[in-house]
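Written below as C-alpha cells is the structure these notes are about.
Computation of the quantities below employed the complete heavy-atom set of this structure, encompassing side-chain atoms and omitting hydrogens, waters and symmetry-equivalent molecules. Below, read A as the first sequence line, B as the second, and so on, with proteins coming before strands; counting in each chain starts at 1.
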Number of protein chains: 2
Amino acid sequence: MKKNAQINSTQVCQVRMRAISDAMSLLSGKWKFHILGTLIEGNTLGFMDLLREINGIGTKMLSKELQDLEINNLVSRTVMNTKPITVQYSITEYGKTLLPLIDELAKWGTDYRKSVYPKNIGEK
Amino acid sequence: MKKNAQINSTQVCQVRMRAISDAMSLLSGKWKFHILGTLIEGNTLGFMDLLREINGIGTKMLSKELQDLEINNLVSRTVMNTKPITVQYSITEYGKTLLPLIDELAKWGTDYRKSVYPKNIGEK
DNA sequence: GATATTAGTTTCCAAGAGGAAACTAATATC
DNA sequence: GATATTAGTTTCCTCTTGGAAACTAATATC
C-alpha cells in the first residue's frame with residue numbers, strides 16, 4: 001500500500017504554502033528588503049541616493065530590483081522635470097503593508113545573532 | 001561636495017540591515033519555509049514522509065536543506081534503531097520561534113493574492 | 001573644452017541554485 | 001532471487017543571480 005501526503009494535502013496547507021511562494025517570489029533576492037527598508041526610512045530618494053545608502057549594491061542590481069518592485073506596486077517612480085533629470089523613488093501605501101513582515105524578519109534576525117554571539121550584542 | 005549616506009549610516013539601521021541579512025542567509029532558498037512549515041504542522045516525520053508531503057522537492061534538495069536547517073538548530077534529526085533504518089525529523093524549540101515570521105509571510109502572501117485576483121479568493 | 005552629475009543600460013563573466021536520474025547499502029517481503 | 005523500502009549521495013546539466021566595468025546621453029559647472 002502506497003503512502004500519500006497527509007498534512008500538506010489539506011486545503012488550508014495548500015493555500016498557505018502557495019501564499020508563501022507568492023510572497024517569496026516578490027521579495028526574494030539579496031537587495032529587495034534593503035531597498036524597501038531604506039525607502040520606508042527615507043520617504044523619497046533618488047537613484048543616486050539609494051546607491052549611496054545601500055552599501056554594496058551596484059547600478060545594475062539597483063535598477064533591476066527597483067523595476068521589479070515598481071511592477072509589483074511596492075515602490076513608485078516619478079521622473080522630475082529637472083536638469084539634469086532626477087527620479088524620485090518612494091514606497092507606496094501598498095509597500096508599507098510589508099512593514100510588519102520586515103519588522104518580524106529584523107526581530108528574528110536580531111534574536112538569532114544574540115543567540116549565536118551572546119557576549120557582543122550589537123557589536124561587529 | 002560629495003554626498004554621503006545618511007539614513008542607513010545610523011547605528012540602528014546598520015544593525016537592522018545586518019539582522020535581515022542574517023535571517024535571510026538561514027532562510028533563503030525555494031524549500032526552507034515549506035520544510036519548516038510542514039514540520040511545524042506534522043510534528044515528527046521521516047525523510048520519505050517529507051518527500052511525499054512537499055510537492056515537487058527531490059531527494060537532493062530535501063537532504064541538503066535538512067542539513068542546513070539542522071546545522072542552524074532549526075530542525076533535529078534522530079536516527080532510529082529500526083530495520084530498515086528510519087530517521088525522524090522534528091522542528092526544534094528554537095525552530096518554533098520562526099512561527100510568527102512564517103505566519104506573517106503567509107498572511108502577506110494571502111493578502112497579496114487577494115489584491116491581484118480579487119474575484120477568485122482561494123481558488124487556483 | 002574637460003569634468004561631474006543625473007539615471008540608467010549593456011556586456012561579460014563567475015558562482016550558486018536547483019532538477020533528473022542513476023547509484024549505494026542494508027534489510028524485509030513476495 | 002527479485003523487488004520494495006528505508007535514507008540518502010553523486011553526477012551531470014541548465015538556469016538564475018549577481019558583480020565589475022564600460023558605455024550612453026543630457027546638462028551644468030569649472
Side-chain angles (χ1 to χ4, degrees), chain A residues 1-6 17 20-21 24-36 38-39 42 44-72 75-90, chain B residues 1-6 17 20-21 24-36 38-39 42 44-72 75-90:
Chain A
M1 156 178 140
K2 199 178 173 190
K3 287 185 198 171
N4 289 314
Q6 301 205 331
M17 291 179 74
I20 290 173
S21 296
M24 284 178 63
S25 74
L26 297 193
L27 303 171
S28 65
K30 192 174 173 180
W31 299 110
K32 295 225 177 69
F33 282 115
H34 294 309
I35 296 172
L36 291 167
T38 304
L39 285 173
T44 289
L45 293 167
F47 186 85
M48 293 306 288
D49 295 328
L50 283 165
L51 203 59
R52 278 185 286 266
E53 292 292 341
I54 301 168
N55 214 285
I57 200 169
T59 56
K60 194 191 77 169
M61 289 310 295
L62 180 56
S63 172
K64 191 223 155 206
E65 297 296 68
L66 282 170
Q67 282 170 25
D68 284 359
L69 294 170
E70 197 198 349
I71 285 169
N72 291 311
V75 159
S76 74
R77 177 181 183 273
T78 312
V79 179
M80 307 305 286
N81 191 18
T82 55
K83 293 163 187 178
I85 198 174
T86 51
V87 176
Q88 284 186 355
Y89 288 99
S90 312
Chain B
M1 158 178 135
K2 199 180 171 190
K3 288 185 197 170
N4 288 313
Q6 301 204 330
M17 291 179 74
I20 290 173
S21 296
M24 284 178 63
S25 74
L26 296 192
L27 302 172
S28 66
K30 191 174 172 179
W31 300 109
K32 296 226 177 68
F33 282 115
H34 292 310
I35 295 171
L36 290 167
T38 304
L39 285 173
T44 289
L45 294 168
F47 186 85
M48 292 306 289
D49 294 328
L50 284 166
L51 202 60
R52 278 185 286 263
E53 293 291 343
I54 301 169
N55 214 287
I57 200 170
T59 56
K60 194 191 77 169
M61 289 310 296
L62 180 56
S63 172
K64 190 221 157 208
E65 298 296 67
L66 283 169
Q67 281 169 25
D68 284 359
L69 294 170
E70 196 198 350
I71 285 170
N72 291 310
V75 158
S76 73
R77 177 181 183 273
T78 312
V79 179
M80 307 305 287
N81 191 18
T82 54
K83 292 164 188 177
I85 199 174
T86 52
V87 176
Q88 284 186 354
Y89 288 98
S90 313

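Under the 4.5 Å side-chain criterion, counting only non-hydrogen atoms from C-beta, L39(B) is in contact with L50(B). You'll find the side chain of K32(A) reaches within 4.5 Å of the side chain of D68(A), heavy atoms only. L69(A) is not listed as a side-chain neighbour of Y89(A), based on a closest heavy-atom distance of 4.5 Å or more. Contact check for H34(A) versus I57(A): no side-chain heavy atoms found under the 4.5 Å cut-off. Side-chain contact between L27(B) and L36(B) is present, with heavy atoms from C-beta onward closer than 4.5 Å.
dT24(C) is paired with dA7(D) under the criterion used here, namely a Watson-Crick or G-U wobble arrangement in which both key atom distances are under 3.5 Å. Base pairing of dC12(C): its partner is dG19(D), meeting the Watson-Crick or G-U wobble criterion (both donor-acceptor distances under 3.5 Å). The partner of dT14(D) is dA17(C), judged by Watson-Crick or G-U wobble contacts that both fall below 3.5 Å. Remark: dG1(D) base-pairs with dC30(C); criterion is Watson-Crick or G-U wobble with both hydrogen-bond distances under 3.5 Å.
Dashed line: the shortest gap from a side-chain N or O of T59(B) to OP1 or OP2 of dG8(D) is not under 4.0 Å. Residue R52(B) places no side-chain N or O under 4.0 Å from the OP1 or OP2 atom of dT5(D). OP1 and OP2 of dG8(C) both lie 4.0 Å or more from every side-chain N or O belonging to Q67(A). Within the structure, every side-chain polar atom (N or O) of Y89(B) is placed at least 4.0 Å from both OP1 and OP2 of dT6(D). Checking the phosphate oxygens (OP1, OP2) of dT6(D), no side-chain nitrogen or oxygen of T86(B) falls inside 4.0 Å.
Rounded to an integer number of Å, the gap from CG of L62(A) to C1' of dA20(D) is 15 Å. Between the C1' atom of dG18(D) and the CG atom of L51(A) lies a distance of 15 Å, rounded to the nearest Å. Note: CD1 (I57(A)) to C1' (dA7(C)) measures 14 Å, nearest angstrom. Remark: C1' of dG18(D) and CE of M24(B) are 13 Å apart, rounded to the nearest angstrom. Taking atom CG on D68(B) and atom P on dG18(C), their separation rounds to 10 Å, with Å as the unit. Whole-Å rounding puts the L45(A) CG to dA7(C) C1' distance at 15 Å. Distance NZ (K64(A)) to P (dT9(C)): 12 Å, rounded to an integer number of Å. One interatomic measurement links the two molecules: CE of M61(A) to P of dA20(D), which rounds to 11 Å at whole-angstrom precision.
Picking from dC12(D), dG8(C), dA20(D) the nucleotide with the shortest atom distance to the side chain of K60(B) gives dC12(D). The F47(B) side chain lies nearest to dA7(D) when the options are dA7(D), dG8(C), dT6(C). When distances run from any side-chain atom of P84(A) to the nucleotides dA28(D), dG8(D), dT10(D), the shortest one goes to dA28(D). Taking the side chain of K83(B) as heavy atoms from C-beta on, and the options dT9(C), dA28(C), dA7(D), the nearest nucleotide is dA28(C).
Side-chain N/O atoms of T82(A) and base N/O atoms of dT6(C) include no donor-acceptor pair closer than 3.5 Å.
Residue-to-nucleotide proximity on DNA chain D shows that, of E65(A) and L66(B), the 5′-proximal contact is made by L66(B).
Of the possible polar contacts, one joining the S28(A) side chain to the M24(A) backbone as a donor-acceptor pair under 3.5 Å is found.
Of all heavy-atom pairs between F33(A) and I20(B), the closest is CB-CG2, 3.9 Å.
Contacts with DNA chain D (heavy atom under 4.0 Å) in residues 29-36 of chain A: G29(A), K30(A), W31(A), listed by number.
For the atom pair CG (L26(A)) and OG (S21(A)), the distance works out to 11.0 Å, reported to the nearest 0.5 Å.
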